[in-house]
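Structure record follows, encoded as structure tokens.
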Amino acid sequence: MDPIAKQLNSLIEKENPNILEMLSPTGKNLFFPKGILSQGAEAKEKAHNINATIGIATEKGETMFLPSIMDSITGITPRDSLSYAPSFGLPALRKAWQESMLEKNPSLAGKNISLPVVTCGITHALSIFADLWVDPGDVIILPDMIWGNYNLIFKVKYGARISQHALFSENQGFNLSAFEEKVRAEARKNAKITVLLNFPQNPSGYSVSREEGRKIAGILGDVARQGTHVVAVADDAYFGLFYEEETLKESIFALLCEQDPRLLAIKLDGATKESYVWGLRVGFITYGCKTEGDPTGVYQALEQKTAGKLK
Ligand SMILES: Cc1ncc(COP(=O)(O)O)c(C=O)c1O
């Protein structure tokens, strides 16, 4: 194992060993190499004649561009629009998305979450999530109606076992008892369970009520407290499309954060549908967990592993 990966793992282990155990073998091996970024910073300081650290063309010290391209990009400099962005995403974008998340999810108040890591849309975020957290044979709990791509990603690509429960009860609300039964049955058989929550839901369009959201988070928190490792991942592709009075108007991620050290909450979201920019391909991965002390180190380690996979 690379010494940097070892260092990140011991940092995670010190604050919350459960999280280290939840990582897939790839996740454990991942790290963010010292490379172009640190070399680039060094070159800025010391390389006055030639800076050969990164493969972009420059002109008079600025990013070179074709006028025909820049003619259609207004208000964003060539440096910001054409140069390579860091593997983590542009720092200002990550900060802005985190701030908007805190604003839109009041239950995150006082809770500590990671900085979002930028992906190429949510489909990409799902694959990166699976790289870090899904082993072949792992169970992923989903309802009986799902976005078809979950099968392609989790079952076909990563060899996970999808275990499904009825989505609706007879009186049409979320089938809490089928969900709870499935979660508890899988928790009895497995040291780790992964639960994917997608509200508003594709294909039904259903979004849970405040009461249902609170109960879902309660069930997952309870299973974690009883000793199972729970990876609870929210696919918030349709965040904001909330129409009923009783609908939970924030992400279930906000209710899952800081529940128990054995429960890791992960939010996958993006500008795609939330900001009506389907072709921009901008998504995010954000972590929320409970640690012994300050979680900043754990978040930085998880962000580095995630960005390492994005390289
Ligand atoms: C539930 C769900 N998640 C994710 C996506 C994909 O999002 P993106 O276009 O950002 O990859 C979709 C798109 O249809 C979806 O329905």
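We count ligands from 1, going down the list as the structure has it; atoms in each ligand are counted the same way. Note that this is a predicted model, so its numbers are computed, not measured.
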Partner residues of Asp235 under the salt bridge (charged side-chain N to carboxylate O under 4.0 Å, His left out) criterion, sequence neighbours left out: none
Quick test of your reading: applying ring pair (Phe, Tyr, Trp, His ring centres under 6.0 Å), list the pairs with at least one residue in residues 11-30, sequence neighbours left out, ordered by first then second residue.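 Those involving residues 11-30 do not exist here.
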Looking at residues at least two apart in the chain, or sitting in another chain, which of them share a side chain to side chain contact (heavy atoms under 4.5 Å, CB included) with Phe168?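 Side chain to side chain contact (heavy atoms under 4.5 Å, CB included) list for Phe168, sorted by chain: Met145, Ser204, Tyr206.
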Write out the protein residues near ligand 1, meaning a non-hydrogen atom under 4.0 Å from one of its atoms, in order of chain and number.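 Residues Gly121, Ile122, Thr123, Trp147, Tyr150, Asn198, Asn202, Asp235, Ala237, Tyr238, Thr272, Lys273, Arg281 each place a heavy atom under 4.0 Å from ligand 1, listed by chain and number.
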Please work out which of the three classes, parallel, tilted or perpendicular, describes the rings of Phe154 and Tyr150, given edges at 30° and 60°.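 Plane angle between 30° and 60°, so tilted.
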I want to check a possible cation-pi pair here: Lys104 against Trp97, using under 6.0 Å from ring centre and within 45° of the ring axis as the test.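 Yes, cation above the ring, under 6.0 Å and within 45°.
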Pair Lys192 + Glu186: basic N to acidic O under 4.0 Å: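 No.
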